[in-house]
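Numbers here are sequence positions counted from 1.
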Amino acid sequence: MSKSLSKLERLKLIYKTKQFPWKRHVMVGWDLTGNEYWEMPNPNHPNGRWKRWVQMKEGGDDVGVFSENQLPVQWQAWLRHTRYEPPAIQELVKEQRRLTRLQQKVRQLEVQADEERERLAVAAANEIQEQQQKYRQPSKVEQSQKVEENENYKKSQEEQQQQQREKEKSAEAGSRPEGQGETFVPGSWSPTASRRR
């Protein structure tokens with residue numbers, strides 16, 4: 001409520017908040033948005049639990065207009081009789097500050113989560129591109145280069161095999177005995193490993 005109240009407004013507030021013998025209901029308090037909280041003895045059970053209700057600021061005089069999600073938790077507990085004493089303004093201010101800090105932290109966490117999602121999406125896109133490049137179809141130039149490499153490899157293999165055969169022939173030629181009589185030169189001999197069956 002405003003601190004600068006006129007005398008008439010102060011008298012109205014005093015009348016609303018005080019319990020007089022001729023008055024049935026009394027205003028217990030208000031929240032930071034200006035909603036008023038009232039209670040009165042139960043007419044059906046005079047010694048029972050008092051009836052409690054809220055008069056919303058936007059609703060005017062209609063007590064049927066009620067938006068529970070717009071009420072502070074402390075006042076909701078009071079309305080449901082789970083809290084005996086009505087909350088003080090200092091308690092409501094402290095809770096509002098706590099909620100403001102909490103909302104700021106939540107926004108920071110959401111920003112961090114969004115940045116992390118973007119970073120992971122970029123990393124996944126890069127990995128997909130790498131995989132696509134790895135398994136993509138080679139171009140005609142690359143295919144011709146591979147064909148040339150294969151042909152060169154085959155030629156080098158054939159050349160190596162040819163050289164191997166020539167070495168074997170020369171080794172065989174040197175291992176044959178030559179000449180007769182006094183000019184006889186025996187050939188070289190090296191035993192080979194027998195093959196297992």
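- Follow the hydrophobic side-chain contacts under 4.5 Å out from Val28 and you never reach Trp50; the two are in separate clusters.
- Between Glu39 and His25, the closest side-chain pair of non-hydrogen atoms is not below 4.5 Å.
- Hydrophobic clustering (ILVMFWY, side-chain heavy atoms < 4.5 Å, transitive): Val73 and Trp30 are in distinct clusters.
- Under the 30°/60° scheme for interplanar angles, the aromatic rings of Tyr37 and Trp75 are found to lie parallel.
- Arg52 forms no cation-pi arrangement with Trp38, by the criterion of a distance under 6.0 Å to the ring centre and an angle within 45° of the ring axis.
- For the pair Asn42 (side chain) and Lys51 (backbone), a donor-acceptor distance under 3.5 Å is absent.
- A donor-acceptor contact shorter than 3.5 Å is absent between the side chain of Arg80 and the backbone of Thr82.
- For residues 92-101, every residue pair satisfying the salt bridge (Lys or Arg N to Asp or Glu O under 4.0 Å) rule, not counting sequence neighbours, is listed here: Glu95-Arg98.
- With a 4.5 Å cut-off on side-chain heavy atoms, Thr33 and Gln70 do not count as touching.
- Taking hydrophobic clusters as Ile, Leu, Val, Met, Phe, Trp and Tyr residues chained together by side-chain heavy-atom distances below 4.5 Å, Leu92 shares a cluster with Leu79.
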field: side chain to side chain donor-acceptor pair (under 3.5 Å) assessment of Gln104 paired with Arg107
entry: CA-CA 5 Å; Gln104 289 173 352; Arg107 280 193 293 270; 5.8 Å; no
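- A salt bridge does not link Glu158 with Lys155: every distance from a Lys NZ or Arg NE/NH1/NH2 to an Asp or Glu carboxylate oxygen is 4.0 Å or more.
- Smallest separation of non-hydrogen atoms from Met56 and Leu71: SD-CD2, 3.7 Å.
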